[in-house]
Amino acid sequence: MAENKSKTVLNRGSVQKIRELGLLGFIVILSVFIQCRNPSFLTAENLNDLITNTAILSLLSVGMMMVIITRGIDLSIGATLALSGMITAMTVRSHPALSPFLALLLGTTIGLLCGIVIGFLVAKTSILPIIATLGMMNVFRGMTFLISGGRWVSAHQMSSSFKHIATGSIFGVNHLILIAIITYLIFYYFINHTRTGRKIYAVGSNPQSARISGINVDRTLWLVYAIMGALTGLSGVLWVSKFASAQSNTAMGYEMNVIAACVVGGVSIAGGTGKVSGLLSGVLLLGILNNALPLLNVSPFWQDAIQGGIILLAVIVGALVRRNTDKKNLIGREE
Amino acid sequence: MSSVNIQTEKKFSLQTFFFQWEWLLLLIFVMINIINAHLSPYYLNTFTLLDATMGFLDKAFIALPMAFVIIFGDIDISVGSTVALSSVVMAVLYNAGVPMYLAMLACLSVGLICGFINGILIVKFKELSAIIVTLSTMILYRGIAYIILENQAAGGFPQWFSFLGWGYIKGIPFILALFAVTALVFAFLLHKTTFGRKVYAIGNNAVASRFSGVKVDKMKVIVFTLTGFMTAVASLFLTSKMGSTRPNIASGYELDAIAMVVLGGVSTSGGKGRMIGVILSIFIVGLLRYGLGLINVSSQIVLIIIGLLLIVSVMISSLNIRMGKSKE
Amino acid sequence: MSKYILELKGITKTFPGVKALDNVCFQLKPGEIHALMGENGAGKSTFIKIITGVHQPDEGEIYFKGEQVVIDNPNDSKKLGIAAIYQHATSYPDLSVTENIFIGHEYICPQTKRLLWKKMNAKAQEYLDELGANFESTTMMKALSVAQQQIVEIAKALSANAEVIIMDEPTSSLTTSESEDLYRIAESLRDSGTSIIFISHRFEDMYRLADIVTVLRDSKYIGTWGVNEVSNEDLIKAMVGREITQLFPEKKRVLGKEILKVHGLGKIGYFSDISFTLRKGEILGLTGLVGAGRTELCQAIFGIHSYDKGHIYLEGSEVEINHPSDAMQLGIGYLPEDRQAQGLILEWGLEKNISLSALDKISRNGWLNKKEEIKIAKRLADKVNVKARSVFDLAKQLSGGNQQKVVVAKLLTADLKIIILDEPTKGVDVGAKSAIFEIMTDLAVQGYAIIMISSEMPEILGMSDRILVMREGRITAEMTGEEASQERILEAAMKKTA
Amino acid sequence: AAQTAGRYALIVKSAGNPYNENEMKGFAKAIKEIGGTAILKAPAEPTAEAQIMMIEQLIAQRVDAIAIAGNDPDALQPALTKAMKRGIKVLSLDSAVNPQSRMVHVNQADSEKIGRSLIQGIYEMIGGEGQIAILSATSQAANQNTWIEWMKKELKKEKYNKVELVKVAYGDDLRDKSVSETEALLKSYPNLRGIIAPTTVGIAAAGKVLSDKELKGKVELTGLGLPSEMAEYITNGICDWMYLWNPIDIGYLAGYTAHALVNGEITGKVGDTFTAGDLGKKEVIAVGGGTEIMLGAPFKFDAGNIDEWKEVY
Ligand SMILES: Nc1ncnc2c1ncn2[C@@H]1O[C@H](COP(=O)(O)OP(=O)(O)OP(=O)(O)O)[C@@H](O)[C@H]1O
Ligand SMILES: Nc1ncnc2c1ncn2[C@@H]1O[C@H](COP(=O)(O)OP(=O)(O)OP(=O)(O)O)[C@@H](O)[C@H]1O
Ligand SMILES: [Mg+2]
Ligand SMILES: [Mg+2]
């Protein structure tokens with residue numbers, strides 16, 4: 001049946017690509033529109049600001065993507081971020097000499113621990129992710145309040161080297177952007193070119209058969225949440241360093257932005273699907289929204305509605321594009 | 001033919017009977033009351049207790065239909081925003097001279113419409129899944145509320161309107177009475193009618209349900225619309241309790257409602273859970289918060305306690321599901 | 001070094017309330033194809049799940065190449081070189097065929113631990129071609145039909161290049177020609193020294209392939225025979241515990257007037273200008289190669305899928321069917337080809353499963369009447385002879401075949417005129433088969449009109465009054481049961497349009 | 001003993017915020033001095049709903065007085081009136097609840113004075129002319145909005161006709177949003193000369209952006225901020241000076257006011273007077289529809305005094 005090949009084919013590559021193109025097209029149009037409204041949008045400086053402000057979101061999104069691919073979700077990242085940020089900041093306050101790298105390491109480790117706890121709950125005690133993370137969200141947030149005793153850590157209490165983490169740059173590229181780029185390269189490779197990476201997809205795509213075919217589902221899940229935690233911890237340090245202030249209510253509700261970035265980026269809540277390239281466009285769209293709405297100088301009272309509307313529009317466009325490609329794939333069978 | 005005789009009597013097994021999630025909830029419920037009574041001299045006092053219910057029952061009206069949604073395996077995180085929007089619309093209309101009862105009607109219809117929109121989007125764009133759709137509408141609906149009322153507050157409702165949130169009939173808070181009735185209706189709807197049976201069927205296996213002639217899409221639209229409607233009811237009570245409204249009310253209600261439902265033993269993976277559980281957990285969470293408040297535990301600690309309660313109890317429940325018994 | 005590569009002694013496995021295996025013994029020589037047969041629920045699948053470590057036995061020992069081994073999880077069996085094709089496809093819908101085939105034992109670059117996609121895709125394509133598949137290795141799994149997925153499962157087992165390959169009803173959703181491909185491969189594997197355990201309800205499989213056959217009944221070991229030293233009757237007796245005089249009941253039916261007329265039905269990508277008629281009391285066989293479009297066609301008639309062109313007439317008047325419930329209102333019933341995904345709610349008991357398609361029957365204006373429900377369930381479960389302890393047994397606890405019977409029972413709740421059966425005997429044992437055929441004949445006699453999709457020549461020939469053959473979405477031949485023959489059907493199913 | 005000496009409750013806007021923590025500190029101090037029991041409550045999130053629940057709980061405990069920094073001026077009315085009906089003395093502090101739902105309000109500083117002095121401040125900093133913008137908290141925040149009203153009134157004076165208020169932006173008291181809003185201001189209005197941020201998070205975020213972009217001297221910054229948060233930016237000269245009152249004193253004054261209400265010294269009517277511990281004699285005055293007790297003028301923080309305050313709050 002040689003000539004039958006390429007019929008009945010839903011080539012995963014093409015679909016995903018076309019879907020992302022749809023989203024990218026959407027972004028381009030949006031950008032053009034914004035540019036018309038405010039010429040300072042597509043300036044080097046603004047783009048730099050845009051990406052810098054989106055860096056943290058993008059870090060969290062990679063982790064969240066992997067979590068969602070395994071049919072999970074993590075509502076606790078806002079709280080984890082605050083906790084690791086606060087503890088790191090307090091350490092920096094008491095040991096101003098602490099080297100930035102150690103600070104980053106410390107925050108990441110705290111996040112990792114939080115992630116491991118959640119991973120344990122999800123993988124070992126069959127609690128559903130949404131519940132486990134909802135519960136731990138409260139716990140971590142509460143701990144942050146308690147540890148900080150309601151006090152903030154302010155700019156003047158942080159060593160300049162620590163603040164330099166977020167403000168400094170190499171060859172004119174801000175550290176945050178560099179960190180984000182490196183992370184993406186690493187995880188792109190990890191997800192697409194390593195066994196463990198593929199196992200994440202397998203587990204999300206069909207947990208039962210993953211078990212039967214001898215994949216260690218629990219360990220994979222655990223790993224995913226641990227990674228999410230570590231990335232969140234890292235983001236916590238970057239956040240605190242960027243804004244030169246650690247509050248106990250830092251990043252409250254930020255998880256929703258992250259989830260939104262993922263779903264706009266074509267990561268399916270049903271699990272099993274989602275690509276780094278797609279995710280990037282999702283993150284980009286949210287970044288643009290956060291950056292441009294103020295620029296557009298629309299009434300503050302319209303911002304939420306516009307943001308919600310655009311997100312909805314974006315996901316719907318994505319869905320429609322995907323449907324079309326599916327159809328095309330089958331029309332091959334006619335004739 | 002090798003005819004095997006198929007039993008039609010359910011064998012009553014003590015083990016199955018006692019390993020029911022609701023028993024545990026009941027236990028927690030009783031314990032909480034004992035502890036509270038022990039810790040605060042003001043707690044054990046019918047008047048106080050009845051009063052306490054006023055504090056949390058508005059959310060409970062959302063939890064009831066949310067249970068249906070979660071049994072579907074879906075979720076609705078737009079409810080908080082729906083509360084805000086419907087409440088704002090009511091206030092604005094009333095201040096524009098519309099009679100109060102019409103304004104209230106408008107409030108309910110707004111909720112209805114919000115829910116309906118969610119439902120339609122969800123069935124028309126299955127690949128999006130409920131969480132994505134409602135995530136977007138969550139932002140959208142609240143956004144609209146902001147557009148309508150901007151930074152204003154609106155209120156000045158007629159005196160009788162405060163009865164909803166604050167009134168008593170024969171010493172029983174009106175909201176409690178109404179909730180009791182509503183809860184009963186929902187319990188029957190879920191457990192004793194074909195509607196409820198279909199809800200479970202869809203939650204377990206939507207495809208098989210469709211192949212068996214269940215109108216899955218129609219069911220989903222109905223349930224989400226119902227959720228919107230009940231959310232508006234909650235909005236009425238909240239607004240009445242506050243006497244005025246702003247676009248930023250009821251933030252975070254969605255998670256509270258979801259937590260109540262999940263604690264009630266309804267699995268977010270769909271198909272499982274019972275109404276009794278949900279109702280119990282509503283009172284557990286509510287009275288626990290209230291009791292801790294009475295002894296002035298700091299809100300941070302309350303956060304932690306609620307979080308742990310959620311996790312620990314669900315952990316136990318998943319254990320006794322493992323005891324190899326089906327739930328419904 | 002024992003002469004057996006795999007040997008199991010006194011294996012016993014109990015599930016809550018069910019003894020699935022009772023002191024079963026089994027021996028497998030290197031380079032032999034060993035058929036494992038038995039009624040539905042006899043314990044075959046459980047038995048192989050013990051070998052592959054999905055379940056652990058309560059008692060008994062397992063010997064591999066003479067040494068006793070403990071197989072705690074699927075990985076252990078993998079390491080020993082045991083691969084399995086499970087009865088119910090265990091695929092990853094969101095991954096490409098290649099990934100499905102190589103999951104767990106991907107080709108990786110020894111230094112960088114990097115996955116070698118090109119190499120894997122190419123190799124996967126080889127397997128697929130070898131199996132005569134009509135899709136590419138980069139296809140997404142969810143784009144395949146059940147049967148196509150089965151082919152991937154087989155490729156998966158091949159790719160593990162194991163010493164022992166277990167196949168649990170691999171042919172149950174394959175057509176004759178595809179089965180031929182499978183036979184070929186199995187033989188070449190055997191000749192290269194691999195041993196194969198082969199579970200099937202199809203006798204032709206066994207005769208064509210197996211050297212030796214072991215029979216289980218009621219979770220007990222019955223016996224082992226060389227294939228050509230045991231007669232068909234004895235084998236059936238061993239399996240079912242009684243004689244089955246004839247599989248296909250006499251078909252002396254009076255065909256009534258035309259009830260269904262399909263004219264020029266078409267759906268882009270699936271099927272085009274389909275026209276046929278169906279008469280009361282008629283059994284219409286619908287056959288063809290995998291992916292011929294039979295399921296899609298029937299599902300379109302049943303209202304699961306839409307169709308772009310054409311008309312459907314019911315008793316002369318045109319009908320509009322947009323949803324299964326419409327079809328059921330009009331008296332059309334459909335038995336889906338994938339009983340687990342489309343037919344049953346596995347977490348539910350029989351009674352609820354059976355009543356689901358007839359909720360209005362067991363309710364008065366919306367209120368359920370559970371007594372009535374149980375009555376109906378009991379009646380129908382007995383009618384199709386389901387093997388269960390009580391009507392409250394969960395569907396997931398039943399064996400493949402018994403699950404199928406429950407789905408049939410579901411159909412009988414609604415009062416139908418037309419019944420469409422998609423692969424009704426897939427994975428069903430001889431006993432159950434003959435039961436289902438009897439039911440079908442009864443129904444036909446009572447005046448029901450029946451469409452039976454099947455890929456199994458014998459039953460198509462044995463049951464049908466009339467036969468339609470589809471190829472690539474078109475009807476390529478129509479013939480009466482009398483004039484039909486294996487050759488004619490195959491010719492119509494395979495022939496290339498110039 | 002405590003019972004007899006009375007139980008005084010304070011509900012601040014939200015937990016985990018040094019400003020509120022210090023209000024509580026001051027309140028506790030005052031109650032300690034008068035020998036009563038202080039009940040300090042802080043909701044996890046700054047919402048009216050949470051505060052209503054806390055009021056309910058305090059009513060059940062039959063406390064003698066409730067002092068509250070309202071998250072919403074109107075939404076607390078039913079709950080607070082219920083409390084007053086049960087004989088509980090109710091006062092608001094810091095951010096007022098409407099006159100019907102309180103007996104008296106303890107005002108940190110005259111809103112008018114705050115609004116006007118902020119404008120005067122920025123006027124001085126930018127040397128009398130140029131574009132200015134306001135970065136506020138949420139569009140809902142009651143006292144921010146009143147201050148902004150007063151700023152606009154002040155700007156009407158012809159003295160300011162060279163000063164142009166180009167935009168009021170809202171950072172929702174979120175760091176990230178406040179930063180993007182500030183950046184947006186700088187880009188949309190390239191020759192912006194000054195920013196007024198009457199909110200602690202906003203002003204700190206703005207200070208951060210201005211320091212990072214090294215706009216010292218180009219864009220001036222003032223507003224209301226915590227010394228601890230602003231120390232950095234006052235020392236590095238981004239913000240010449242900014243205002244705030246001492247939250248400890250507000251809490252302290254509220255404590256004594258509550259006490260005065262309970263033991264009948266005052267009823268919240270205009271002209272009532274009482275002595276508030278170290279703060280000395282205080283009088284109830286009429287403002288808008290209700291009565292208030294004024295703490296005093298806002299305190300000015302600049303390079304000179306910031307170091308002694310930055311560790312305090
Ligand atoms: N997970 C399970 N829990 C409880 N009982 C089970 C489970 N799996 C199988 N059984 C029971 O074990 C018995 C053997 O089932 P099994 O699937 O091995 O039969 P089988 O020989 O494969 O039948 P078929 O030919 O229909 O596949 C059946 O009675 C079935 O009900
Ligand atoms: N979900 C799907 N997406 C894309 N193509 C599909 C899908 N399901 C089936 N197909 C294709 O449509 C064609 C018709 O499938 P269908 O299942 O109707 O064939 P069939 O004759 O029923 O074969 P069988 O039932 O034996 O698998 C097949 O080629 C199959 O590959
Ligand atoms: Mg089997
Ligand atoms: Mg088929």
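Just so it is clear: chains get the letters A, B, ... in the order the sequence lines come, proteins before strands, and each one is counted from 1.
- For chain A, the nearby parts of B/I311 are the backbone and the side chain; heavy atoms of each come within less than 4.5 Å.
- B/I147 CD1 to A/W302 CH2: the interatomic distance, rounded to the nearest 0.5 Å, is 4.0 Å.
- Heavy-atom distances place both the backbone and the side chain of B/T268 under 4.5 Å from chain A.
- Interface residue A/L312: backbone and side-chain heavy atoms are both found under 4.5 Å from chain B.
- Highest contact tally toward chain A, considering only B/V302, B/I148, B/L255, is held by B/L255 [criterion: heavy-atom pairs under 4.5 Å].
- Of the candidates B/I131, B/V133, B/I132, B/I132 is the only one forming a side-chain contact (heavy atoms from CB on, under 4.5 Å) with A/V263.
- Inter-residue side-chain proximity for B/Q300 and A/T144 is flagged as unmet; no heavy-atom pair is nearer than 4.5 Å.
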Steps toward side chain to side chain contact (heavy atoms under 4.5 Å, CB included) verdict (B/L121, A/I316): CA-CA 9 Å; B/L121 286 173; A/I316 287 180; 4.1 Å; yes
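- Counting heavy-atom neighbours within 6.0 Å of B/F125 CZ, excluding the residue itself, gives a total above 12.
- The shortest non-hydrogen separation linking A/V139 to B/I304 is O-CG1, 3.8 Å.
- Proximity to chain B (any heavy atom under 4.5 Å) is shown, for A/A270, by neither the backbone nor the side chain.
- Only the side chain of B/I75 comes within contact range of chain A, with heavy atoms under 4.5 Å apart.
- Counting non-hydrogen atoms of other residues, nucleotides and ligands closer than 6.0 Å to NZ of B/K126 gives a total above 12.
- Of all non-hydrogen atoms in B/L303 and A/F145, the two that sit nearest each other are CD1-CE1, 4.1 Å.
- With a 4.5 Å cut-off on non-hydrogen atoms, A/M143 touches chain B through its backbone and its side chain both.
- Closest approach of B/I144 to A/A305, counting heavy atoms only: N-CB, 4.0 Å.
- Interface remark: B/I305 contributes no atoms to any contact with chain A (heavy atom separation under 4.5 Å).
- To the nearest 0.5 Å, the span separating CD1 on A/I306 from CD1 on B/I139 amounts to 12.5 Å.
- Side-chain contact between B/I301 and A/L146 is present, with at least one heavy-atom pair separated by less than 4.5 Å.
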Pair A/F301-B/L149, side chain to side chain contact (heavy atoms under 4.5 Å, CB included): steps then yes or no: CA-CA 9 Å; A/F301 310 109; B/L149 207 48; over 6 Å; no
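- Ranked by heavy-atom pairs under 4.5 Å with chain B, the first of A/I131, A/I259, A/I310, A/L313 is A/I131.
- With respect to chain B, the highest number of heavy-atom pairs below 4.5 Å among A/M256, A/M137, A/R141, A/Q303 belongs to A/M256.
- In this structure, B/I77 CD1 and A/L75 CG are separated by 8.5 Å, a value rounded to the nearest 0.5 Å.
- Residue A/I73 touches chain B through its side chain alone, counting heavy-atom pairs closer than 4.5 Å.
- Only the side chain of A/I130 comes within contact range of chain B, with at least one heavy atom under 4.5 Å from a heavy atom of that chain.
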